[in-house]
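In what follows, every chain begins at residue 1, and chains take the letters A, B, ... in the order their sequences are listed.
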2 protein chains.
Amino acid sequence: MPRWPADSRARLASAALELFTERGYSAVTVDDIAERAGVTARTFFRQFRDKEEVLFSDDDLLLPTLLLAIAEPTGPVDAGTLMERALGALAERMEPARDSLRRRQEIIDSDVALTGRELAKQARWQQEISVGLVERGFDPGDAGLLAAIGFALFRRELHAWLADPSADAPSLSERLRTALPAVRTVLDSSTDR
Amino acid sequence: MPRWPADSRARLASAALELFTERGYSAVTVDDIAERAGVTARTFFRQFRDKEEVLFSDDDLLLPTLLLAIAEPTGPVDAGTLMERALGALAERMEPARDSLRRRQEIIDSDVALTGRELAKQARWQQEISVGLVERGFDPGDAGLLAAIGFALFRRELHAWLADPSADAPSLSERLRTALPAVRTVLDSSTDR
DNA sequence: AGGAATGATGTCATGATCTGTCATAGCGGT
DNA sequence: ACCGCTATGACAGATCATGACATCATTCCT
């Protein structure tokens, strides 16, 4: 018999998500979250660096996926293909969690600071991808540019995927596969009127 | 004779920049800034929403520049050209302030939260540009994609420009002009090894 | 000239976020 | 039985941020 119920971290995370959904991010205090999870606020801050991090800590589990998809393929590979593999691997990991991701995204989009945190985290991923590409022998300038464009696309398609509630909507992976070619089309042919 | 020295806002802003440079962002309290500016902390928070905002408030002055560059040209215009005009106008406004921008950027880059705030602000600009493009008759999907790519490029070239200390380094505008064509090249031809 | 309105600032109180430090109690190994 | 390890609680305190109200030089109105 442990002295306390196990898994305080998981209980804090779901308590936080519930409360943020019920009342909105800024109307929830860390004390509220801790109370619902049956611990003290001090324990919250031991598990999560700050109040925001409770929404983002899971993301760190995805980074290895990203790096593996870049490093793994053997033989010469096209840069676009590598980006597609990396983002596709990310997409596969995210797809099963669509519902909870959407709830999370609604909270994030409702608060500028959270949006900033999300962008900063994705910028870090972008940096990691860029490094991975350079390690494969790509030109550093090209790698940075590719990673930047890739993540611009990824953000766009992720939002579209989460926002589209229909059952037969394209999956995130499918959206990504069609997005990269779209860049060329847009650059070549887009005009106003 | 005013009751207090004028321009408390400007004094707060430069006091903040000085102190952040001297001691690092997180080691400076709002009280420190207020003290050096000769006011109380309460006055700081009347001028700036929070401690971060003192580094970003000037940015808001740039948004009209951006929107004007999109809305102004008459007659049918290529989307890439419009992006170039908008970002070029931004660049022209920033170029004279290179030194203070670089000091500011060093502070921002040293702190994740500040990085997030910067990205969030640029995301908002990106959104505004996208809306401006749609109002000119561009397809909404294309507009969003173009704005995203444009700002990915802009961030990249801005950092490169600020990081290159040499006197004969290309200006920000020049960098931007060569960056957009680079997108096509990279997408078409980049391979590893 | 004189009084009222204005507006930037100070003062005080309060709540939220985050950190440092020490005590406590169950668990596992010896 | 004892010892350390670890997760947690308890408490104090710094910093950030906001609301309410007071102050007083300037300005405007009559």
Could you state the CZ-P distance from A:R46 to C:dT19, rounded to the nearest angstrom?
12 Å
Length of the line joining B:D7:CG and C:dT9:C1', which is rounded to integer Å:
15 Å
Can you confirm whether the side chains of B:R103 and B:T21 place a donor and an acceptor under 3.5 Å from each other?
no
Keeping the roles fixed (side chain from A:E128, backbone from A:L67), state whether a donor-acceptor pair exists under 3.5 Å.
no
Taking a hydrophobic cluster as the set of Ile, Leu, Val, Met, Phe, Trp and Tyr residues connected by side-chain heavy atoms closer than 4.5 Å, whether directly or through intermediates, do A:F45 and A:L17 fall within one such cluster?
yes
Starting at CG of B:D50 and ending at P of C:dA16, how long is that distance when rounded to a whole Å?
18 Å
Whether A:R117 and A:D50 form a salt bridge (side-chain N of Lys/Arg under 4.0 Å from carboxylate O of Asp/Glu) is what I want to check.
yes
Give the rounded distance in Å between these two atoms: CD of B:E52 and C1' of D:dA17.
13 Å
For B:K51 and D:dT15, give me the distance from atom NZ to atom C1', rounded to whole Å.
8 Å
Separation of C:dA16 atom C1' from A:L19 atom CG, nearest Å, is 16 Å
Let's see if you get this right: which residues in residues 30-45 of chain B place a heavy atom under 4.0 Å from DNA chain D?
B:V30, B:R42, B:F45
How far apart are the closest heavy atoms of B:L119 and A:A123, and which atoms are they?
CD1-CB, 3.9 Å
Between A:S8 and D:dT8, does any side-chain N or O lie under 4.0 Å from OP1 or OP2?
yes
Would you say B:Q105's side chain and B:H159's backbone share a donor-acceptor pair under 3.5 angstrom?
no
Using 4.0 Å as the upper bound for N to carboxylate O, is an ion pair formed by B:R175 and B:D164?
yes
From CZ of A:F48 over to C1' of D:dT8, roughly how many Å is that when rounded to an integer?
15 Å
Please say which of B:D59, B:D109, B:D111 ends up in a salt bridge (charged side-chain N to carboxylate O under 4.0 Å, His left out) with B:R104.
B:D59
With a cut-off of less than 4.0 Å, is there a side-chain N or O of A:Q47 near OP1 or OP2 of D:dT8?
yes
Rounded to whole Å, the CZ-P distance (B:R117 to D:dC16) equals 14 Å
Reference residue B:E18; test salt bridge (charged side-chain N to carboxylate O under 4.0 Å, His left out); the match among B:R23, B:R36, B:R11:
B:R36
Under 3.5 Å, which N/O atoms of the protein pair with N/O atoms of nucleotides 4-6 of chain D?
none

